[in-house]
Amino acid sequence: MSHSFDDGNLTATTGLVPIMGLAQKAGLPELADDRLTVTTTGADKGANPAPKLATLVAGMAAGADSIDDMNILRHGGMKHLFDRVYAPSTLGSFLRSFAFGHVRQLDAISARFLTNLNAHTPLLPTSEDTRQSAMIFVDIDDTVIDVHSASKQGAGFGYQGSRGLNALFATASTGDSGQIIVGQRLRKGSTSSARGADKFVSDAVATTARIGSGAPVLVRADSAYYSSSVAKAARDAGADVSITVRMDTRIKAAIAAISDDAWTGIEYPEAIYDEDSGAWISKAEVAEVPFTAFTSKKNALQATGRLVVRRIPELNEAKRTAGQDPLFDLFRHHAFFTTVDRDRFDTVIADQIHRRHAIIEQINAELKNGALAHMPSGVFDANAAWVAIAAITHNLLRAAAGLLGGRMSKVRAQTLRTRIIGVPARIAHRARKLILHLPRAWPWAQEFSRLWQAALSPPRTVLS
């Protein structure tokens, strides 16, 4: 047995052909040419932004998590399938040419590209089967991307206690769809979670409204975003909120006013592991009271809604004997504030929907398992551009999954790379055509052909 890297007509990531065909069909090159104006003095590092952006997107779709990994696009017969594939050194210089304004241009490209993708396949499909299915959920959360050098611009110690950069994301989803990214922002590692969140929420809801079907929008977030400015930004954009509250004196007083017969027992479909008590929790109780949030603020910032409370038995003996308030001796309470009418979601359903906010952690994990495994540059704006391009790539893969349909419509990026993008092929030249010879008995051949047809077939003409 021996090996030799000598085949100039073999490719290892053939699935990029329909993926990038879809990106071209959705107008990514035109958007980059029209809206990205990276210019530098001396060398033309900002020249040809469209093919450079496309190269970065293709590399991330193939699994690149660093600038050097972009070399995956320059093997074998890839030069027969794509033109103007740039070297990693050129792409690195391109990213380092970005200023803050250029990153915001990428954000605008990302929002408009999302709208174009939605024209090819519905990214946020809704149905009238249940009231939950007829609503769009926008989830807000931030995550710390660890870095291992204090010399990276913006690196600092955040809420996790590790050195890193803070990435803020907003995702949109429905009961019948996967999650798309409708907002992204890279911030200094020491930034508080809620910094600039009100403007971010406003932009995310506006982007969601452009691609939604007119369905109502619910913004979900954890207690870091429980503020009058965030709630007002969501309301002004036409969305309801469902935000975890902090257990301050006023919240505790509202919980204490709930009568014993107001609690409704619920069972979790799957047991939840409680870290404080070290036990699995499968039962809880929920109740609610009318509540006006942010009463210490002026009237325009106050919000009227419902305080929904979930309580579980306190199993941690150390906390039960620590002299806490009698209200919390036997139970631990988790509360959130929502402006959704009870006629739409009763107490139990509202609690179920709020707990599903945790699905945004899947996006954080998926990105950290891919393009955001680390920050590739020492320059902050280059890393901010990298995050924006990672969001563009994620949405492109979500649209591709939607075109695949069926059980593949909600698969994660890694599954798409394994089944669709990573299919090998040998290129043959015949009669001025390129023919891709793919593996016989490939398990996902039908899905590959379906995506190929949707992304690369010419538009159908209708004869009068």
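FYI, side chains are in, hydrogens and waters are out, and symmetry mates aren't considered; it's all heavy atoms of this structure.
- The heavy-atom pair separating Thr55 from Tyr86 by the smallest distance is OG1-N, 3.7 Å.
- No more than 12 heavy atoms of other residues, nucleotides or ligands shown are found within 6.0 angstrom of CD on Gln24.
- Taking both residues in full, the closest heavy atoms of Gly370 and Asp65 are given as O-CB, 2.9 Å, listed atom of the first, atom of the second, then distance.
- Judged by distance alone, the side chains of Ser177 and Thr174 do bring a donor and an acceptor atom under 3.5 Å apart.
- Cation-pi geometry between Arg185 and Phe200 is not met at under 6.0 angstrom from the ring centre and within 45 degrees of the axis.
- Here Asp351 pairs with Arg310, Arg355 under the salt bridge (Lys or Arg N to Asp or Glu O under 4.0 Å) rule; sequence neighbours left out.
- The side-chain heavy atoms of Ile389 and Met60, taken from C-beta on, include a pair separated by under 4.5 Å.
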Are His357 and Thr244 close enough, and set up right, to give a side chain to side chain donor-acceptor pair (under 3.5 Å), and what steps lead you there?
-> CA-CA 10 Å; His357 164 67; Thr244 304; over 6 Å; no
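- Relative orientation of the Phe448 and Trp452 rings is tilted, given thresholds of 30° and 60° on the angle between their planes.
- At a threshold of 4.0 Å, the pair Asp142-Arg187 counts as salt-bridged, since one of the basic side-chain nitrogens sits closer than that to a carboxylate oxygen.
- Every residue was checked against the salt bridge (Lys or Arg N to Asp or Glu O under 4.0 Å) condition with Arg163, not counting sequence neighbours, and none meets it.
- Between Pro376 and Trp386, the shortest heavy-atom distance links the atoms CG-CD2, 3.5 Å.
- Between Arg220 and Ile359 the shortest side-chain heavy-atom distance falls below 4.5 Å.
- Taking the six-membered ring where tryptophan is involved, the planes of His429 and His80 are perpendicular, since the angle between them exceeds 60° and thus also 30°.
- Surrounding CZ of Arg195 are at most 12 heavy atoms belonging to other residues, nucleotides or ligands under 6.0 Å away.
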